[in-house]
S.K.: 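I'd like to ask you about the structure that follows.
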Number of protein chains: 2
Amino acid sequence: MGDDCRHTESAQPGLEGAALANAVAAAAVKCERTRERLTPPRRRVLELLLEADGPMKAYDLIAAYGQDGEPAKPPTVYRALDFLERLGFAHRIESLNAYVPCRMEGTSHRAAFLICECCGTAEEFEPDFAPQFAAAEAAGYAVRTVTLEARGLCPACKVEA
Amino acid sequence: MGDDCRHTESAQPGLEGAALANAVAAAAVKCERTRERLTPPRRRVLELLLEADGPMKAYDLIAAYGQDGEPAKPPTVYRALDFLERLGFAHRIESLNAYVPCRMEGTSHRAAFLICECCGTAEEFEPDFAPQFAAAEAAGYAVRTVTLEARGLCPACKVEA
DNA sequence: GAGGTTATGTTATTTCATAACGAATCATCT
DNA sequence: AGATGATTCGTTATGAAATAACATAACCTC
C-alpha cells in the first residue's frame with residue numbers, strides 16, 4: 001500500500017515549524033492540566049508523529065528518533081507511544097501496525113479511520129456508534145473502547161484509478 | 001486478557017464430533033461450488049479454529065497443527081488462514097492478533113466483534129455500517145472493507161465484576 | 001502427457017513488541 | 001534538607017507475529 005501510488009504530494013502533509021511547535025505546546029498544556037509529564041522521549045515521539053505525512057510504524061519512529069541519526073531503543077518508543085495513546089495524543093491503527101497523531105481535538109476516546117489502500121493516508125473521523133451498540137448494551141455488554149478501520153480508496157486515488 | 005478471569009466454562013465452546021464434522025463438510029460444499037480447494041492444511045486449520053473455545057493465535061494453530069504433536073511450519077498455517085479469510089470461513093481479529101471461525105452464515109464480508117477483555121471471547125455480530133459511511137462515500141471515499149472491534153465486558157463477566 | 005496454474009514444504013529472515021532490572025528523576029512529607 | 005515512594009528511563013535480551021524466497025508436488029485442461 002502506498003507503494004503503487006503515483007502521488008507525489010501527500011494527502012496529509014505533516015506539521016512543520018510554528019505549526020509543529022504550537023501542536024506540541026498545546027499537548028504540553030494539556031499535560032500540565034492533568035499533572036502528566038511530557039518528558040523528552042514522549043515529546044520527541046509526538047513530534048515525529050506530527051511531522052510525518054502519514055501513519056508511522058514503530059520502527060520508523062525508532063530509526064528517526066535521534067536528531068543525530070542515532071536510533072532509539074525499542075522500549076523507549078513503545079513506552080512513549082503507550083503514554084501518547086493513553087492521553088489521546090496518538091492512535092494506533094491496528095490493521096497497519098502503525099501510529100498517527102490524534103487529529104480530532106478534544107474528543108472522546110473513540111477513534112475511527114478511513115485508510116486509503118493506495119496512498120496510505122489515514123483520515124480520522126468521529127464515528128457515531130450509538131446505534132451500533134445499543135443492541136449490544138441491551139444484551140448486557142459493557143463496551144469500553146471501539147476500533148473502527150475502514151479501508152478503501154480516498155477521493156484522490158479513486159479518481160486516478 | 002482471559003488471564004484474570006475466574007470462569008471455568010467457556011462462553012463459546014468449540015465444536016466437537018458430529019457438529020464439527022458438519023461444519024467442515026458445509027465448508028467443503030461451499031468450496032466445491034466455487035471451485036476452490038479445501039486441501040488438507042486448509043481443512044486442518046479450519047478444524048482447529050472450529051474446535052477452539054475462543055480466538056486462536058497463529059502460533060497456537062502452528063503448535064496444535066499435527067495430530068501427533070508435531071507443529072506446522074508458520075507458512076503452512078498463515079497460507080491456510082489467508083485462504084480461509086478469503087472465502088469468509090475465518091476472520092482475523094486485529095486487536096488480538098488472533099483468528100476465529102466465521103459464525104455468521106452466508107453473510108457479507110463485513111465482520112464485527114464484541115471482545116470480552118475478561119474471558120477473551122469474541123462474539124461476531126452483523127453491523128449496519130450504512131449510516132457510518134454514507135458521509136465518507138459522499139465525500140468521495142470508496143470503502144472496501146471494514147474492521148470493527150469493540151472491547152469491553154461480556155454479560156457474564158460484567159455481572160461477576 | 002505437455003504445459004500452465006495452484007498449492008505445498010522448507011529454510012531463513014524480517015518485523016513487531018515486551019520482559020526484566022538497575023539507575024535516575026520527581027513529588028511529597030516531615 | 002533528607003527520607004520515602006512512585007514514575008520514568010536506559011539497557012540488554014528475548015519473545016511473538018509474519019513473510020521472503022525458492023524448490024517440489026499436485027491439479028487442471030487441452
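Just so it is clear: chains get the letters A, B, ... in the order the sequence lines come, proteins before strands, and each one is counted from 1. Bear in mind the structure is a predicted one, so any value in this text is a computation, not a measurement.
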S.K.: Would you indicate, yes or no, if D:dC9 has its OP1 or OP2 atom less than 4.0 angstrom from a side-chain nitrogen or oxygen of A:T39?
M.R.: yes

S.K.: B:L81 CG to D:dA18 P: how many Å, rounded?
M.R.: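 These atoms are roughly 9 Å apart.
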
S.K.: Can you check the A:R79 CZ to D:dA6 P distance for me, whole Å?
M.R.: 19 Å

S.K.: Whether B:R43 contacts C:dT8 is assessed here as follows: a side-chain N or O lying under 4.0 Å from the phosphate OP1 or OP2. Is that the case?
M.R.: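 No, B:R43 has no side-chain N/O under 4.0 Å of OP1/OP2 on C:dT8.
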
S.K.: If you assign each of A:E36 and B:D82 to its closest nucleotide in DNA chain D, which residue comes earlier from the 5' end?
M.R.: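 In this pair, the answer is A:E36.
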
S.K.: Nearest whole Å is fine: how far is D:dT11 P from A:Y65 OH?
M.R.: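 For the pair A:Y65 OH and D:dT11 P, the rounded distance is 11 Å.
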
S.K.: I need the minimum non-hydrogen distance between B:L153 and B:C118, along with the two atoms involved.
M.R.: CD2-CB, 3.8 Å

S.K.: Respond yes when some side-chain nitrogen or oxygen of B:K57 is under 4.0 Å from OP1 or OP2 of D:dA17, and no when none is.
M.R.: yes

S.K.: Please report the distance, rounded to the nearest Å, between CG in B:D60 and C1' in D:dA17.
M.R.: 12 Å

S.K.: Pick the nucleotide of DNA chain C nearest each of A:Y78 and B:R42; which residue has the one closer to the 5' end?
M.R.: B:R42

S.K.: To the side chain of A:Y59, which of D:dA18, C:dC16, C:dT8 is closest?
M.R.: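 Comparing D:dA18, C:dC16, C:dT8 against the side chain of A:Y59, the answer is C:dC16.
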
S.K.: A:L38 has an atom CG; how far is it from atom P of C:dC26, in whole Å?
M.R.: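 Computing the A:L38:CG to C:dC26:P distance gives 14 Å.
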
S.K.: Could you state the atom-to-atom distance from CD1 of B:I62 to P of C:dT8 in whole Å?
M.R.: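 Roughly 15 Å, once rounded to whole Å.
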
S.K.: Looking at side-chain heavy atoms only, is the closest gap between B:R103 and B:E123 below 4.5 Å?
M.R.: no

S.K.: Counting only side-chain N and O atoms of B:R35, is one of them less than 4.0 Å from OP1 or OP2 of D:dT29?
M.R.: no

S.K.: Are the charged groups of A:R92 and A:E85 less than 4.0 angstrom apart, N to O?
M.R.: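 Salt bridge: no.
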
S.K.: Nearest whole angstrom, please: distance from the P of C:dT15 to the CG of A:L96.
M.R.: 16 Å

S.K.: Scan B:M56, B:R151, B:E149 and name whichever one has a side chain to side chain contact (heavy atoms under 4.5 Å, CB included) with B:L96.
M.R.: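 Filter result, single survivor: B:R151.
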
S.K.: Report the nucleotide, chosen from D:dA17, D:dC9, D:dC27, that has the shortest atom-to-atom distance to any side-chain atom of B:R37.
M.R.: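 Of the options given, the side chain of B:R37 lies nearest D:dC27.
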
S.K.: Can you tell me if B:K73 touches the phosphate of C:dT11, counting only side-chain N or O atoms and a distance under 4.0 Å to OP1 or OP2?
M.R.: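 For C:dT11, OP1 or OP2 has a side-chain N or O of B:K73 closer than 4.0 Å.
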
S.K.: Let me know the distance between CG of B:N97 and P of C:dT15, rounded to the nearest Å.
M.R.: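 Roughly 17 Å, once rounded to whole Å.
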
S.K.: Quick one: which of D:dA18, C:dA7, D:dT11 gets closest to the side chain of A:P75?
M.R.: D:dT11

S.K.: May I ask you to test the B:L87-B:L38 pair for a side-chain heavy-atom distance under 4.5 Å?
M.R.: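 Contact flag for B:L87/B:L38 side chains = no.
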
S.K.: Considering heavy-atom distances to DNA chain C, does A:A58 or B:T76 have its closest nucleotide positioned more toward the 5' end?
M.R.: B:T76

